Amino acid sequence: MLPFEEQVVADLLEDPNGGLVVVSCGLPVASLASAVLLQLFHQSPDDGCFLILSAPEPVKAQIRRRLLLNSQSQPPLLQLQVHDVAPDLPAHHRVALYASRAALFLSPRALVADLLTSRLLPSRVRALLLLSAHRSSDTSSDAFVARLLRHHHLLPVYAFSDRPHAMVSGFAKAERAMKSLYIRRLHLWPRFHLLAAADLERSPPEVIDVRVPMTQPMRGIQAAILDAMDACLKELRRTNKVDVEDLTVDKGLFKSFDEIVRRQLDPIWHTLGKKTKQLVADLRTLRKLLDYLVRYDAVTYLKYLDTLRVSEGVRSVWIFADSSHKIFDLSKRRVYQVVRADGTKVAADNKGTPTKKRKVARASSRKGKETENEGSSDNKDNTQKVNAEMGIVVEEILEEAPKWKVLRELLQEIAEEQAKGDGDNVNPVHEDGINESGIVLVACKDERSCVQLQECISKGSHQVMRAEWEKYLLGKAELHGLHRKNKKTSQQLKGFGVLDGEVPMRSGESAGPVSISKLEANALLAAASEISTVTKEANLADDSNVSCKKRSFGKGKGKGKFKKTMAKREASKLRNRNTTEHTDLEVEGQSGKPDEQAETDACKLSAEDDSASAPAVDKAANNLSAFGDSVDTEPLPPVQFYALDSDQHVLDVWKPSVIIVYHPDITFVREIEVYKAENPSMKLKVYFLFYEDSAEVQKFESSIRRENEAFESLIRQKSLMMIPVDQNGRCIGPTLANEPEALLSQNSLTRKAGGRKPLEKEMQVIVDMREFMSSLPNVLHQKGIRIIPVTLEVGDYVLSPLICVERKSIADLFQSFASGRLYNQIETMVRYYKIPVLLIEFSQDKSFSFQSASEIGDDVSPTNIISKLSLLVLHFPRLRIVWSRSLHATADIFLSLKTNQDEPDESKAMRVGVPSEDGVVENDVRAENYNTSAIEFLRRLPGVTDSNYRRIMEECNSLAELALLPVERLSELMGTQKGARMLKEFLDAKCPTML
């Protein structure tokens, strides 16, 4: 451990109540938690177990590894065991683990049930550790566990968080979290803390900042996206419903921006118009576009834009902005452009297909319309014929990501340095026992980027772009085939603006829109058909070979044939790239066999490395170890690719000597700093790859600035924080003791026992075990209601022997109606309880409505949620629907419903709806008083309706008596003579005999 980590643990253990530690992103929370566990365990090894809640899987793995390393140097009696308690583990197994002296990873739902049923006594718990304190609130499960443990026992609670910006979201978030967890002290350890900065900067790694210039189209796309974001933010400011200070492009680069906007708009969401709601969705889309611009290749980016063109449709606001046309146009130019066979651009002399948005279309609307009509009529017969007549071809640009070339140059430079520096010592060993293997770690954002970079290094960037381009074209051809199968649907679905490449005319222009994408689509389809033809020929050549050697040779020959065909097609159409393209493709076709050999070697070496590393780490990264004959002749060092989204901690496992941060991330940067500080004698070189003057740099710098501002806010809050404590110094959490007494008890008359408050009996509610996923049991417990957790077959909450409640959130209500599950649940409640209740619970921070007024149509629709609720009430007249605004409102409703009601019986509630060994259901109200099968048969007889079957049941004791009644008596009971005759004729009809 570093010295500042030891100081954090020492400060945390000073207070017997525990404390809350907030550290910067990337600082070792798992190391702090394991150190606290070990110190508490060594102080008193026989006291009890340790409970660890809200631990992510990567943090769990780190804690296990650190505790395992410590136990190797300790005798068996002083070894702290670690167990992961699954939620579906049987109860007796959980009880045995609670009795052990171990650290237990638990889910809050199972732990709350065990505490309420006394399977786990608070006196048997040594300490409670929470590793995601930024998620704690008054209604969270962590706060419920802390209240149950601290109710009659002074138990230390240690909470950790490495998300400082989440601790300042909302009003007094840190103070409210500390009160809910019964914590008095707040410990703040930012990166700029004196002790932390001194330890991390004592032996820093060698850092090289590489700024890669973006291409001209990338800069244009980035500027257009930022303009579109700024335009959307300006429109959002005009609504006067959002705090203007939070609406900046700088904050719009982060995912938390969506949470900020939705937190402000959710309470009034039902009053907003469609445009305002769409603006919020558009900001999310534009942020993704900005992120994907520097992460994905040009073809994938264009493919994503094509999906947006279809999915966003006419609903989107940004897609009709002036800058959106620039985004689509420049994205196409990065991949291809449409030219004539002689190399001249189409837009230069063919005014029927303008590339500008409006000017060219307005200048020659009539001529463009004629060209469109001719092209569309010929396209029905033969697409390639149109291209031959018009002479339109697709010129491939296939712009490669600038970082790809820089990455390969860095790897070659690193290999040269390692070859010069190693000499005779291949694997130098330092004083602290670290063996430098020369591994180069490349950190990317996601798994897809890792796989693509691996292919770029092993196969070459041009071949990777070629493969993506072929997939793009084949996807276009497949989509075109689906449209031709359903021509009627495709003719009705017309785009607008940039959606289908059609430009609307202004007033004074011709009425019909001019298509600018017909010739382009035809050229793409022609290229796709040529690729599919060559691919089929290559597959036939592969299938003709039987042996392994011949098959591998056939693959190489197929690749060469494919490359040559593509080269010939390009040579006939492209003047400027004639010689170079043909030569490059020929060389790549001849190197197909060494490519396969390099992949085989890489797979072998990756298998050896993966077997030595942890299994959890294997899923987080890709291994690439040999590139000797891949593309260039220069050898490359062994490379490990790591996906930052996996959240695995791999630095201590692989111990790289060089780290290339391909996608900069502040959390990973801090992990590198801690890794170097823990290994001061190791030589570590770190390369940062940034796109110059890009949103990537702005986002990285903004993340550092945002974290510093969050810590400054927490420091101010700490100086003004008020945490209530009792005489013993224990924190008083949000309990009933803090709430004011009711007005009736304060103004009680003296004649009633001197104003003494009468003793109230303890209220209790039987709760289904599955309901502990929600926060309602927590709020009910705050109100002083005793919670009895059992497994209920009918209902979610049993308030009394007569009242049963089925609770539905808004999302669950829609799903239950769609699946039909709600009908069956209400039917069983009506059968076994006299007062069945359907509780519809809304979220406190969202609108208290199903839909806005603008979404309500003039006609009654059977698919509408209100119509479904109306039918449900008509079918079950005894059903009561309760609307609740929030969790606290639900608790108050439950208290009012339980007034003058008996307390529910736990044993009876568990047996309701559960058949016995003989198949008889106990406490079935309908089964005790009525023959349910006979009732169902009666209601299906002709003439019997919902309005008269109850009266028939009152007058007739059985179906046999009903069959003997005369028509006159039946007409009196049924209310209609026609229905009586129908029923009598049905009962007296003779059954046909089988001859």
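Small disclaimer: the values here were computed from a predicted structure and weren't measured.
Remark: side-chain polar atoms of Asp768 are paired, donor with acceptor, to backbone N or O of Leu792 under 3.5 angstrom. A side-chain donor-acceptor contact under 3.5 Å links Asp199 to the backbone of Phe4. Within the 3.5 Å criterion, the main-chain N or O of Ser140 finds a donor-acceptor partner in the side chain of Asn778. Ser816 places no side-chain N or O within 3.5 Å of a backbone atom of Leu813 that could act as its donor or acceptor partner. Between the side chain of His193 and the main chain of Leu195, a donor-acceptor pair closer than 3.5 Å is present. The backbone N or O of His888 sits nowhere less than 3.5 Å from a side-chain atom of Lys783 that would complete a donor-acceptor pair. A donor-acceptor contact shorter than 3.5 Å links the side chain of Ser24 to the backbone of Arg191. Arg880 places no side-chain N or O within 3.5 Å of a backbone atom of Leu838 that could act as its donor or acceptor partner. With hydrogens and angles disregarded, no donor-acceptor distance shorter than 3.5 Å links the side chain of Ser713 to the backbone of Ala710. A donor-acceptor pair under 3.5 Å links the side-chain atoms of Glu903 to the main chain of Gln764, judged by distance alone.
Taking every heavy atom of both residues into account, Ser161 and Arg163 meet most closely at OG-N, 3.3 Å. Here the closest heavy-atom approach between residue Ser132 and residue Ser54 is recorded as OG-O, 2.9 Å. Taking each heavy atom of Phe700 and Asp665 in turn, the nearest pair found is CE1-C, 3.9 Å. When all heavy atoms of Ala909 and Val798 are compared, the closest pair comes out as CB-CG2, 4.3 Å. Among all heavy-atom pairs drawn from Ala159 and Ile183, the shortest one is CB-CD1, 3.9 Å. The two atoms that bring Arg885 and Ser843 nearest to each other are NH1-O, 3.0 Å, heavy atoms only.
By the neighbour-count criterion of 12 heavy atoms within 6.0 Å, atom CZ of Arg64 is densely surrounded, having more than that number from other residues, nucleotides or ligands. Counted within 6.0 Å of CZ on Arg770, heavy atoms from surrounding residues, nucleotides or ligands total 12 or fewer; the atom is thus considered open. Around the CE atom of Met773, the shell of radius 6.0 Å holds no more than 12 heavy atoms that belong to other residues, nucleotides or ligands.
The residues Arg705 and Glu707 are annotated as not salt-bridged, no charged nitrogen and carboxylate oxygen being separated by less than 4.0 angstrom. By the 4.0 Å N-to-carboxylate-O rule, Asp114 lies close enough to Arg94 to be salt-bridged with it. Salt-bridge annotation for Arg807 and Glu841: present, with a side-chain N of the basic residue lying under 4.0 Å from a carboxylate O of the acidic one.
Interatomic distance, CZ of Arg185 versus CG of Asp11, reported as 6.5 Å (0.5 Å rounding). One distance of note links CZ of Phe668 with CD of Glu671; it measures 6.5 Å at 0.5 Å rounding. The line from CG of Leu37 to CZ of Arg66 is 12.5 Å long, rounded to the nearest 0.5 Å. Here the CZ-NZ distance, from Arg184 to Lys179, works out to 13.5 Å after rounding to the nearest 0.5 Å. The CD1 atom of Ile63 sits 7.5 Å away from the CG atom of Leu129 when rounded to the nearest 0.5 Å. Between the CZ atom in Arg147 and the CG atom in Asp138 there is a gap of 8.5 Å [rounded to 0.5 Å].
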**Prompt:** Checking salt bridge (charged side-chain N to carboxylate O under 4.0 Å, His left out) for the pair Lys60/Asp84: CA distance, chi angles, key distance, verdict?
**Reply:** CA-CA 9 Å; Lys60 285 183 183 180; Asp84 199 343; 3.7 Å; yes

**Message:** Is there a salt bridge (charged side-chain N to carboxylate O under 4.0 Å, His left out) between Asp796 and Lys808? Walk through the geometry before answering.
**Reply:** CA-CA 10 Å; Asp796 293 331; Lys808 293 292 181 185; 5.9 Å; no

**Message:** Between Leu2 and Leu200, is the side-chain contact (heavy atoms from CB on, under 4.5 Å) condition met? List the steps.
**Reply:** CA-CA 9 Å; Leu2 298 176; Leu200 296 178; 4.0 Å; yes

**Message:** His187 vs Val22, test: side-chain contact (heavy atoms from CB on, under 4.5 Å). Steps then yes/no.
**Reply:** CA-CA 6 Å; His187 306 275; Val22 182; over 6 Å; no

**Request:** Verify side-chain contact (heavy atoms from CB on, under 4.5 Å) between Leu80 and Phe50, making sure each step is shown before the conclusion.
**Result:** CA-CA 10 Å; Leu80 178 60; Phe50 300 92; 4.2 Å; yes

**Request:** Could you go through the side-chain hydrogen bond (donor to acceptor under 3.5 Å, both in side chains) check for Glu5 and Ser31 one step at a time?
**Result:** CA-CA 8 Å; Glu5 297 179 23; Ser31 175; 2.9 Å; yes

**Request:** Decide yes or no on side-chain contact (heavy atoms from CB on, under 4.5 Å) for Met721 and Met178, but give the supporting numbers first.
**Result:** CA-CA 10 Å; Met721 196 175 292; Met178 292 173 65; 3.5 Å; yes

**Item:** salt bridge (charged side-chain N to carboxylate O under 4.0 Å, His left out) between Glu709 and Arg706, worked out
**Value:** CA-CA 5 Å; Glu709 292 174 355; Arg706 185 177 63 153; over 6 Å; no

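The aromatic rings of His781 and Phe144 sit tilted relative to each other, their planes meeting at an angle between 30° and 60°.
Side chains of Ile788 and Val767 form no contact here, defined as non-hydrogen atoms less than 4.5 Å apart. Using a 4.5 Å heavy-atom threshold, the side chains of Val21 and Leu188 count as separate. Residues Val779 and Thr890 fail the side-chain proximity criterion, which asks for heavy atoms closer than 4.5 Å. The closest side-chain heavy-atom distance from Ile766 to Tyr797 is not below 4.5 Å. Annotation: side chain of Arg101 is not in contact with side chain of Cys49 (no heavy-atom distance under 4.5 Å). Here the side chains of Leu799 and Pro904 are not in contact, with every heavy-atom distance at 4.5 Å or above. Residues Trp189 and Gln7 form a side-chain contact, since some pair of their non-hydrogen atoms from C-beta on lies under 4.5 Å apart.
Of the N and O atoms on the side chains of Lys898 and Ser800, not one donor lies less than 3.5 Å from an acceptor on the other residue.
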